[in-house]
Amino acid sequence: MPLTHTAAFLTISTPNFDRLVAFYQQFLDQAPVTFRPNVYAEFQLPGMRLGIFRPKEGKESGVRDAGGMGLCIEVANLESAIAHLTQLGYPPGAIMTASHGREVYANDPDGNWLILHQGHPHP
């Protein structure tokens, strides 16, 4: 079953959220287009988006510790995406619900972050 995705963007997880957001704000000379204090910031760049987030505490996600870059893929159906990733032999952690939607964390074969995200339906 193919993965039905709606967008992809680069993400950086960090326990030093405020410091990293301030750095990229100065480096890119722009404010984030989306900002949730102490949780998530997103910058719009030509041809891509850059998201910075503070990962949830604890090991419930089933992936490596915070720090580093990852690929965030917005999907149309999170359960189908989880089934597809599991079928490939890389099952993600538990589904987490956040203010921006539902998501799961996983790793690719080299240990890089994969974040599958399904946003809230638009009214």
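Between Thr11 and Ile115, the closest heavy-atom pair is OG1-CD1, 3.5 Å.
A donor-acceptor pair under 3.5 Å is formed between the side chain of Asn77 and the backbone N or O of Ser80. Gln118 places a side-chain N or O within 3.5 Å of a backbone atom of Ala76 that can act as its donor or acceptor partner. Remark: the backbone N or O of Phe53 is not paired with any side-chain donor or acceptor of Ser13 at under 3.5 angstrom.
For Glu42 and Tyr40, the side-chain atoms include at least one donor-acceptor pair closer than 3.5 Å.
Between Ile82 and Pro91, the closest side-chain pair of non-hydrogen atoms is not below 4.5 Å. You'll find the side chain of Val39 stays beyond 4.5 Å of the side chain of Phe17, heavy atoms only.
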Might you work through the side-chain hydrogen bond (donor to acceptor under 3.5 Å, both in side chains) test for Gln44 and Arg49, ending with a clear yes or no? CA-CA 5 Å; Gln44 183 66 53; Arg49 295 184 300 177; 5.0 Å; no
**OP:** Kindly indicate, with the supporting measurements, whether the criterion side-chain hydrogen bond (donor to acceptor under 3.5 Å, both in side chains) is fulfilled by Glu103 and Tyr105.
**Re:** CA-CA 7 Å; Glu103 61 189 28; Tyr105 297 160; 3.3 Å; yes
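With rounding to the nearest 0.5 Å, the separation of OG1 in Thr34 from CD1 in Ile52 is 12.0 Å. Summarising the geometry, atom CZ belonging to Arg102 is positioned 10.0 Å from atom NE2 belonging to His117; distances are rounded to the nearest 0.5 Å.
In the displayed structure, Asp29 atom CG is contacted under 6.0 Å by at most 12 heavy atoms of other residues, nucleotides or ligands.
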